Number of protein chains: 2
Amino acid sequence: MAPRAAARKTGRNSESSDKVGVICRALRRAIIEQALEPGARLPEDSLGERFGVSRTIARHALGQLAAEGLVELRRNRIAVVATPSWQEARDAFDIRIELERLVVRQLAGKLTKAQVADLNAHVDAEDRSRDGSDAVSIRLATEFHILLASMTNSPILLRYVSEVAYRCCLTLSLYSRPHSSECGITEHRAIIAALVQGDEARVMGLMHSHLDSVATRALVAPTPRRGRDLLDILAPYAEEDGSERVVKMAKVARGRA
Amino acid sequence: MAPRAAARKTGRNSESSDKVGVICRALRRAIIEQALEPGARLPEDSLGERFGVSRTIARHALGQLAAEGLVELRRNRIAVVATPSWQEARDAFDIRIELERLVVRQLAGKLTKAQVADLNAHVDAEDRSRDGSDAVSIRLATEFHILLASMTNSPILLRYVSEVAYRCCLTLSLYSRPHSSECGITEHRAIIAALVQGDEARVMGLMHSHLDSVATRALVAPTPRRGRDLLDILAPYAEEDGSERVVKMAKVARGRA
DNA sequence: GCGCGGCAAAGTGCATGCAATTGAGGCGCT
DNA sequence: AGCGCCTCAATTGCATGCACTTTGCCGCGC
């Protein structure tokens, strides 16, 4: 009733109930903070119950997350948090390096005062988080890069950088030593400075070496060494019945033998 | 029953009924062949009816395509084929250039005989398609790049190259002159040759200039000039109720000129 | 003691039904 | 005629129900 009168409210309303989005964001965050480890089971019912929605919605959210590579969906089986292979982790970092070079190239010398302030505030938050849990500082480090990407005003670039950064973040929980993280903060500050200064080549170099160092520091072992990895190694063998599979970007790469 | 015995069949079965995937592939293809123009409406019921599934499945497929940026999903409104802005088209090409440089860098000098044969066969097909419809040759040109990406054995790279290539393909139907396409074929052959020869720098340069020339040749006008563009231009203004919105790649474009 | 076969619980795959929202045309008012 | 309200068909948002698949478990035969 009074549809016309309510129409004004509708605008605000349209944002409010994005249930799928809420679940996606929550899960993404839980995954990158390692509250959900790779391999963790994500049954639709439990998800639905936890978030107060039906399986339909939970399922849809899992679909989105699977499209982003954070979740693995196997037919008739419980969805699990993705467990990227070491090779996939390397590939993700390679892609990320190129994408973020693009980001800083577009941004060099073009940041507004407000944006610089935002960036500095974020790095300050990173600094403060060094006392807290590792998980939070890893998340903040990742979000620094996403914040940067959001400043390009390129929705596409933002989306790809976000995705690949989350994936890289996920791999850290698999292949990195317990340590890490705090080291990147000074590099973040250097990147901001170089961006303000506006030297394209220099800032691209900085970003490149920053990510490269994170990658090589993080991805320590050519073969994963963690509790679950026997299962990981066996997975590709146990999976198939012999028939070839279309390039579904599923498991093609595993074979590094 | 006889679950153990039936297990053999299950393997074959698992491939057969991927209804969501079937719909996605069909729609993707229809979109890049311009059977579905940007702005075309995609109601869930019609889709479901056409493919013999329920709305639930059609909806899920639309969700996936929206995640890939081929479809725009607005709450409580009919889904439509995406209508990227000119700027988004440029951004997509920029990203694509970087990603495909990565592809050829990984592939240079590492192609097997079989792979080279596949590539040549594909380009032959492109050649033959010059008599046929523009749509098909555009699709084949795009698929050449995807074929290349699939040879890297990096599922992640393959996924991103595919997505961004499809998006670029989509923009061609909006911003390019009727002409085009056949020109790229000789460049494809040159790239294959350089890959076989194995000169990394050279093949990266070739790929770069190939894509760059496609982009600049294709994206002719800084402001789109096509039937529906008054609506396009007005869309961002008509959209909001004043509250800020994160760059959400929102666009409104209804057909019906 | 050990493995095989089957049963039951858990979980997914999908369709359908109902409420809510939107968009468009009709109707009256000015 | 022009303008705005109101109503209704079209369409989406979401939950629920049913069938099928998978998996763990228990008992049976060897």
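None of these values were measured; they are calculated from a predicted model. Below, chains carry the letters A, B, ... as their sequence lines are ordered, and counting in each starts from 1.
The distance from atom CG of B:Asn76 to atom P of D:dT11 is 14 Å, rounded to the nearest whole Å. To the nearest angstrom, C1' of D:dG13 lies 8 Å from NZ of A:Lys19. Atom CG of B:Leu62 is separated from atom C1' of D:dG13 by 14 Å (rounded to the nearest Å). At whole-Å resolution of the value, CZ in B:Arg74 and C1' in C:dT21 are 14 Å apart. Here the P atom of nucleotide C:dT12 and the CD atom of A:Glu72 are 15 Å apart, to the nearest Å. Taking atom CG on B:Asp18 and atom C1' on C:dT12, their separation rounds to 14 Å, with Å as the unit.
Under the 3.5 Å distance criterion, the side-chain polar atoms of B:Arg159 are matched with a main-chain donor or acceptor of A:Ala67.
Near DNA chain D, meaning a heavy atom under 4.0 Å away, the residues from residues 41-55 of chain A are A:Val53, A:Ser54, A:Arg55.
Among residues at least two apart or in separate chains, salt bridge (Lys or Arg N to Asp or Glu O under 4.0 Å) pairs with a member in residues 56-71 of chain B are B:Arg28-B:Glu68, B:Glu44-B:Arg59.
Taking A:Arg77 as the reference, A:Arg74 meet the side chain to side chain contact (heavy atoms under 4.5 Å, CB included) condition, with sequence neighbours excluded. With sequence neighbours excluded, no residue forms a side chain to side chain contact (heavy atoms under 4.5 Å, CB included) with A:Ala121. Residues forming a side chain to side chain contact (heavy atoms under 4.5 Å, CB included) with B:Ile57 (at least two apart in sequence, or on another chain): B:Lys19, B:Val20, B:Ile23, B:Val53, B:Ser54. Scanning for side chain to side chain contact (heavy atoms under 4.5 Å, CB included) contacts around B:Ala149 gives B:Val103, B:Leu158, B:Val161, with sequence neighbours left out.
Where A:Arg77 and B:Arg59 each meet DNA chain D at their nearest nucleotide, the meeting point lying more 5' is that of B:Arg59. Sequence order on DNA chain C of the closest nucleotides to A:Ala79 and A:Thr56 puts A:Ala79 first from the 5' end.
Closest to the side chain of B:Ile57, out of C:dC14, C:dT22, C:dT12, is C:dC14.
The phosphate of C:dT21 (OP1 or OP2) has no side-chain N or O of B:Arg75 nearer than 4.0 angstrom.
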